[in-house]
2 protein chains.
Amino acid sequence: MTTIRDVAKRAGVSVTAASYALNDTGTIAEATRKRVLDAAVELNYHPNAFARNLKKRKTHTIGVFISRFGGAFYEEILEGIHSVILDTDYELLVCPESRSARRILLHRQVDGAIVFDSKIPDEPLLNLASYHFPIVVLDRALQNDFILPLLLDNAQGVREAFAHLYQQGLQRMAFVAGAEDSFDNAERRDAFLTEAQQHSLFVTVVPGNFTEISGYEAANLILQSDILPNAVFCANDQMAIGFLRAMRQHGLRAPADIAVVGFDDIPLARYMDPPVSTIGTSRFEWGASAARQLIDFLDNEIPFQPQRIPTRFLPRASSMLSGAP
Amino acid sequence: MTTIRDVAKRAGVSVTAASYALNDTGTIAEATRKRVLDAAVELNYHPNAFARNLKKRKTHTIGVFISRFGGAFYEEILEGIHSVILDTDYELLVCPESRSARRILLHRQVDGAIVFDSKIPDEPLLNLASYHFPIVVLDRALQNDFILPLLLDNAQGVREAFAHLYQQGLQRMAFVAGAEDSFDNAERRDAFLTEAQQHSLFVTVVPGNFTEISGYEAANLILQSDILPNAVFCANDQMAIGFLRAMRQHGLRAPADIAVVGFDDIPLARYMDPPVSTIGTSRFEWGASAARQLIDFLDNEIPFQPQRIPTRFLPRASSMLSGAP
DNA sequence: TTAATGGAGTGAAACGTTTCATTTTACCCT
DNA sequence: AGGGTAAAATGAAACGTTTCACTCCATTAA
């Protein structure tokens, strides 16, 4: 491996001069600068990132901590993040699991983090932030000068979907909830309950955990009641798909018997039969915002600006009564 | 940040002793060892990864270079890789774009690489390998003591699919090709042509580029011919899906009018109407193999063992004539 | 008693950069 | 010609580890 020492020797200058020339800092005459740069090319020199990071106390890497690679959900967020990183001189370190997340964060191998993994508890994040380490969280409402929550506007989407159902005269509604520890689930459920209350509707809430199977089981539970709901709101699309599967097995059809709405707009939702009404957002934009704010914070010390990521209701066949708008 | 110096001072020993104690090397009395460890805990000490890497000339990170995050295709491979990495003390650096790939590799920020990005040319990989840098390639047939190709057994899957079509009496076949520069496309096409030749079949090959739209266009081209094929083999599922869409628009049905087969077994294939026959593999296992061999090479100097990843044909409705097995 | 042995611990160099403080060089102005 | 100044270049310290080579001391063997 060729080092800066070799380059300096070849260019006939001191190591310092070589460093200044390479980094375009300090004061170096144009002629010598050129000589150094040429020498670097000739020797195929590439600075050792570790030595540099050690000295500069900066890694030029941002870490993304998600709970797993799987799922179109994360994909699009990652692509959004990546699209922003591309235009900077930062690297991306993607860590799909909380165990190694701890190690990476503690060893300060990144300059900042984007977190979307509810398995990582709040406490270590707050601790990191207290050392002025910047973090963007996509899955919790933590706030702090060094922590930026960038959350979905869950309530907005729920309101739109609710209105859509209500305007079609559907009044016997049920909500299939997601995982208990999920922030988004709580917001979606609360928004739904608020709407119900404002419209003086009595609604039922059935537990679930975001998996297709839990939606399936929720349906089996609901379908045992004497009076069936005529609209069901699932806290995500997977559960809506499970719910629809159970309905089919009971000989029921959506939306004629029960209108079904999901959340997230996963790709599959559009391909189901019937296509599933859902609430979507631009996940690409979401990731991009996160990266943009983090980079701005790191490079230009622009303070974090909390904001909500807009969501919108996407009406599809699973909840459109024939003759409805 | 607390350094090893602080720990040493607190434990009342030299820096050397602290280092030995923490790394369990050298000769340190049990009592002092314990004192050092306790001090480290009390001070919440975590070694600086850069200083360590700089000194040890090892990063304990492996790099994965893919062309983008999107696509269920990469997801499962990544999960397979990750599942292996988890049990080691390595980190994962995922880089979804060839531009930064170059930087990372050149700056030696990883100890080894897994490459699945045809936009990265062979030459830099060979160059790296010449410095004894180990690389697993998933998308090309490069071979070298330090380069391990881990490729799909494309021919196997194609043979099975071909037999399936042929045994149903389908003899007018066409092949919709993928991107020109793709190794897998070349193998699939060649295997198909070989089969056709062995069965004395005259077949047509239509160009494509792996996108759904190119499958759609290929179909429009094919459907103009006087004599339609009765079986079409697409080099991947996306194109098969595009092909089916075009067929529908022309009022044709699969498999009755044309039997359609894809390749890759993407999740959507199973959900199409009709479900798309395809050729699948365990991508999770694929990724896991790659990671396993790389780690074994790095940690235990076990030489690379080239192997083919098995594929198998998955018959579904899009190619099963009624009454067929 | 002395020499050899080996366990426990230490000092200092090294990894490859960056950057502060300083020196050298070149130029300009009276 | 000489002092002043700015530009250009340099030496050396520092970043936080690891590790080589060495010392010190107690124990054992002769």
Side-chain angles (χ1 to χ4, degrees), chain A residues 1-40 43-61 89 91 103-104 106-111 131, chain B residues 1-40 43-61 89 91 103-104 106-111 131:
Chain A
M1 278 290 80
T2 122
T3 79
I4 200 174
R5 196 157 261 108
D6 304 321
V7 174
K9 190 178 297 175
R10 172 122 188 182
V13 296
S14 71
V15 170
T16 308
S19 175
Y20 284 157
L22 259 7
N23 293 295
D24 221 350
T25 56
T27 59
I28 296 288
E30 194 47 44
T32 45
R33 199 177 107 78
K34 179 150 179 4
R35 243 185 318 137
V36 171
L37 263 34
D38 288 349
L43 296 175
N44 191 24
Y45 166 75
H46 295 281
N48 178 304
F50 298 112
R52 160 175 282 170
N53 290 340
L54 174 59
K55 183 64 193 178
K56 299 188 95 157
R57 298 148 152 283
K58 193 148 194 298
T59 69
H60 272 278
T61 302
D89 55 350
E91 288 332 326
R103 223 172 18 195
I104 291 175
L106 285 174
H107 295 202
R108 281 290 190 297
Q109 298 198 67
V110 292
D111 291 340
Y131 290 116
Chain B
M1 280 289 80
T2 120
T3 79
I4 200 175
R5 197 156 261 108
D6 304 321
V7 174
K9 191 179 297 177
R10 171 120 187 183
V13 297
S14 69
V15 170
T16 307
S19 175
Y20 283 156
L22 291 166
N23 293 296
D24 220 349
T25 55
T27 59
I28 297 288
E30 194 46 46
T32 46
R33 199 177 108 79
K34 180 155 177 0
R35 244 184 318 137
V36 171
L37 263 35
D38 288 348
L43 296 175
N44 191 24
Y45 166 74
H46 296 280
N48 178 304
F50 299 113
R52 160 175 284 169
N53 290 342
L54 175 59
K55 184 64 193 177
K56 298 187 97 158
R57 300 148 150 284
K58 194 150 194 295
T59 69
H60 271 279
T61 302
D89 54 352
E91 289 333 326
R103 220 167 27 189
I104 292 176
L106 285 174
H107 294 201
R108 281 291 191 294
Q109 298 197 67
V110 292
D111 291 340
Y131 290 116

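Here is the naming used below: chain letters follow the sequence lines, and residue numbers restart at 1 for every chain.
- Each of B:R35 and B:K56 was matched to the nucleotide of DNA chain C holding its nearest heavy atom; the match closer to the 5' end belongs to B:R35.
- The side chain of B:K55 has C:dA13 as its nearest neighbour among C:dA13, C:dT17, C:dT18.
- One N or O on the side chain of B:D6 and one on the backbone of B:T3 form a donor-acceptor pair closer than 3.5 Å.
- Phosphate contact (OP1/OP2 of C:dG16, side-chain N/O of B:R57, threshold under 4.0 Å): present.
- Side-chain N/O atoms of A:T16 and base N/O atoms of D:dG11 include a donor-acceptor pair closer than 3.5 Å.
- Side-chain N/O atoms of A:T25 and base N/O atoms of C:dT19 include no donor-acceptor pair closer than 3.5 Å.
- In this structure, A:N53 reaches neither bases nor backbone, as no heavy-atom distance under 4.0 Å exists between it and the strands shown.
- Within the 4.0 angstrom heavy-atom criterion, only backbone atoms of the sugar-phosphate kind lie near B:V13; the bases stay farther away.
- B:D89 has its side chain within reach of B:H60: a pair of non-hydrogen atoms, C-beta onward, lies under 4.5 Å apart.
- As rounded to whole Å, 15 Å separates atom P of C:dG9 from atom CD1 of B:I4.
- For A:L54 and D:dA13, the CG to P distance is 17 Å, given to the nearest whole Å.
- Closest approach of B:A40 to B:L22, counting heavy atoms only: CB-CD2, 4.0 Å.
- The side chain of A:R52 lies closest to C:dT18 when the candidates are C:dT18, C:dG16, D:dT18.
- Considering every non-hydrogen atom in both B:V13 and B:A18, the closest pair reads CG2-N, 4.1 Å.
- Spacing between atom CE of B:M1 and atom C1' of D:dT17 amounts to 15 Å, rounded to whole angstrom units.
- Rounded to an integer number of Å, the gap from NZ of A:K58 to C1' of C:dT19 is 17 Å.
- Within 4.0 Å (heavy atoms only), A:I28 reaches sugar-phosphate atoms of the nucleic acid but no base atom.
- Between B:Y20 and B:N48, the residue whose closest nucleotide on DNA chain D is further toward the 5' end is B:N48.
- Look at CZ on B:R5: it is 12 Å from P on D:dT18, rounded to the nearest Å.
- Taking each heavy atom of A:F50 and B:N53 in turn, the nearest pair found is CE2-ND2, 3.2 Å.
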Worked verdict on B:D38 versus B:R10 for salt bridge (Lys or Arg N to Asp or Glu O under 4.0 Å)
CA-CA 10 Å; B:D38 288 348; B:R10 171 120 187 183; over 6 Å; no
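- Residue contacts shown for A:T27 include a base, since a base heavy atom lies under 4.0 Å away.
- Counting atom types as modelled, B:T32 pairs no side-chain N or O with a base atom of C:dA8 as donor and acceptor under 3.5 Å.
- For C:dT17, one of the phosphate oxygens OP1 or OP2 lies less than 4.0 angstrom from a side-chain nitrogen or oxygen of A:Y45.
- Listed pair B:S14 / C:dT10 meets the phosphate criterion, a side-chain N or O lying under 4.0 Å from OP1 or OP2.
- Remark: C1' of C:dG9 and CG of B:L22 are 15 Å apart, rounded to the nearest angstrom.
- If you take CD of A:E30 and P of D:dA7, they are 15 Å apart, rounded to a whole angstrom.
- Distance, B:F50 CZ to D:dT18 P: 15 Å, rounded to whole Å.
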